[in-house]
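The structure appears right after this line, and notes come after that.
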Amino acid sequence: MADGAGARPQVSVQREDFDIAAEIEALTAGNRDIGAVVSFTGLVREMTGEGAIAAMELEHWPGGTENALGKIVAEAEARWPLDGVRVIHRYGPMAPGERIVLVLAASRHRAAAFEAAAFLMDYLKTRAPFWKKEHGPGGGRWVDARECDDAAAERWRDGRRG
Amino acid sequence: MQVLYFAWMRERVGAAAEEVDPEGAATARELVERLRAREERYALAFADLAAVRVAVDQEMTDLDAPISGAREIAFFPPVTGG
């Protein structure tokens, strides 16, 4: 029910970049009850633990990734009173500085929007099927999952908020 | 059943997807054991079971999940999106 515009998708997994302002506009259009929109954008960093990277490749699971993201969005909607959710995640080759992921959470008041956006990112990081391969001077290298991401997702367990 | 591999598991197996005879494997773990015994490339892909994540018919689960009747099993390393 969060998708006020009806036909607009809540989840997109795409190769192309996205327009943050246009996405916020589309998410909030026609719903004047919305008092808060929290937006998170993830970018490709140049420096990693292994040095500067020249490029990154993001692998996904066509169908499986959208399915997993849809479940994460549904869980956020069940936990917070949201008026809109939008998740866009890119795949394919990307250069440092490019946008990878967008999460928007809209609600009447800011607390739910802030918390839902953080929850969506924490769950996306640990449950959505994406895999990063970095390309640097030493060749290609699959990025290791980070324990701090698991810890961040863990704090939302058992329906806890924040 | 259809078996999918992603990221470095796909690279080590040398295939993104293949039809596999589960040879009576009741769980994902048993399927992994059978694959590991089959060929070196599977032994390499599944060398560290702590790094293996599994989805049965697109439902994220664990290695001890039953797989009888499943159409599709996906194996992949811990996810690193976002």
Side-chain angles (χ1 to χ4, degrees), chain A residues 13 40-45 48 56-72 75 87-92 94 99-103 117-134 139-150 152-153, chain B residues 1-20 22 27-29 31-32 35-36 40-67 69-82:
Chain A
V13 180
F40 173 88
T41 308
L43 307 176
V44 180
R45 282 185 305 138
T48 70
M56 200 188 68
E57 179 89 25
L58 242 150
E59 181 169 330
H60 75 302
W61 174 3
T65 299
E66 288 87 344
N67 185 7
L69 289 173
K71 286 177 183 167
I72 293 167
E75 188 156 349
V87 176
I88 304 177
H89 203 300
R90 295 178 63 201
Y91 66 87
M94 270 166 261
R99 288 178 280 270
I100 308 177
V101 59
L102 174 70
V103 162
F119 167 88
L120 286 161
M121 273 311 301
D122 287 343
Y123 268 39
L124 182 155
K125 288 281 248 185
T126 52
R127 297 177 185 207
F130 290 103
W131 301 273
K132 289 190 183 116
K133 190 174 194 177
E134 294 171 347
R141 177 186 160 276
W142 290 100
V143 173
D144 290 322
R146 300 180 339 149
E147 277 178 27
C148 59
D149 288 333
D150 288 329
Chain B
M1 58 182 55
Q2 183 80 357
V3 179
L4 311 180
Y5 310 95
F6 293 97
W8 52 261
M9 282 183 194
R10 169 179 52 75
E11 291 180 343
R12 290 183 187 180
V13 169
E18 62 183 353
E19 195 63 28
V20 168
T27 64
R29 189 184 301 276
L31 179 63
V32 167
L35 288 169
R36 285 210 287 200
E40 177 66 22
R41 57 195 176 105
Y42 295 109
L44 212 60
F46 294 112
D48 177 14
L49 288 184
V52 177
R53 300 292 178 270
V54 58
V56 177
D57 290 334
Q58 293 200 4
E59 201 65 48
M60 306 294 170
T61 180
D62 57 68
L63 283 169
D64 295 312
I67 59 168
R71 294 184 310 279
E72 179 193 82
I73 315 285
F75 290 111
F76 46 88
V79 301
T80 56

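Below, read A as the first sequence line, B as the second, and so on, with proteins coming before strands; counting in each chain starts at 1.
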Interatomic spacing from [atom1] in [X] to [atom2] in [Y] - rounded to 0.5 Å:
| X | Y | atom1 | atom2 | result |
| --- | --- | --- | --- | --- |
| A:E66 | B:Q58 | CD | CD | 9.0 Å |
| A:W142 | B:M9 | CH2 | CE | 11.5 Å |
| B:T80 | A:K133 | OG1 | NZ | 12.0 Å |

| Does any heavy atom of chain A fall under 4.5 Å from the side chain of B:A55, the backbone, both, or neither of them? |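 Contact with chain A involves the side chain of B:A55 alone.
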| Considering only heavy atoms, which portion of B:R53 lies under 4.5 Å from any heavy atom of chain A: side chain, backbone, both, or neither? |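 Answer is neither: B:R53 stays 4.5 Å or more from chain A.
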| query | Under 3.5 Å, side chain of A:K132 to main-chain N/O of B:G82, donor-acceptor pair present? | reply |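 Indeed, once roles are kept as given, a pair shorter than 3.5 Å links the two residues.
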| task | Taking the side chain as every heavy atom from C-beta outward, state whether A:K71 and B:M60 have any pair of such atoms under 4.5 Å apart. | result |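 Answer no - side chains too far apart.
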| query | A:D144 versus chain B, heavy atoms under 4.5 Å apart: side chain, backbone, both or neither? | reply |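 Contact with chain B involves the backbone of A:D144 alone.
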| field | Interface moiety of A:R146 toward chain B, non-hydrogen atoms closer than 4.5 Å | value |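 For A:R146, there is no contact with chain B at all, as no heavy atom is under 4.5 Å.
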| request: Take the angle between the ring planes of B:F6 and A:W61 and call it parallel below 30°, perpendicular above 60°, tilted in between. | output: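 Judged by the thresholds at 30° and 60°, the geometry between B:F6 and A:W61 is tilted.
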| query | For chain B, which of A:F130, A:F40, A:W131 has the most heavy-atom pairs under 4.5 Å? | reply |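 Answer, by heavy-atom pair count under 4.5 Å with chain B: A:W131.
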| request: Please check if atom CD in A:E147 has more than 12 non-hydrogen atoms from other residues, nucleotides or ligands closer than 6.0 Å. | output: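 12 or below, so no.
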| task | For B:V79 and A:A145, work out which heavy atoms get closest and say how close. | result |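 Smallest interatomic distance, heavy atoms only, reads O-CB, 4.0 Å.
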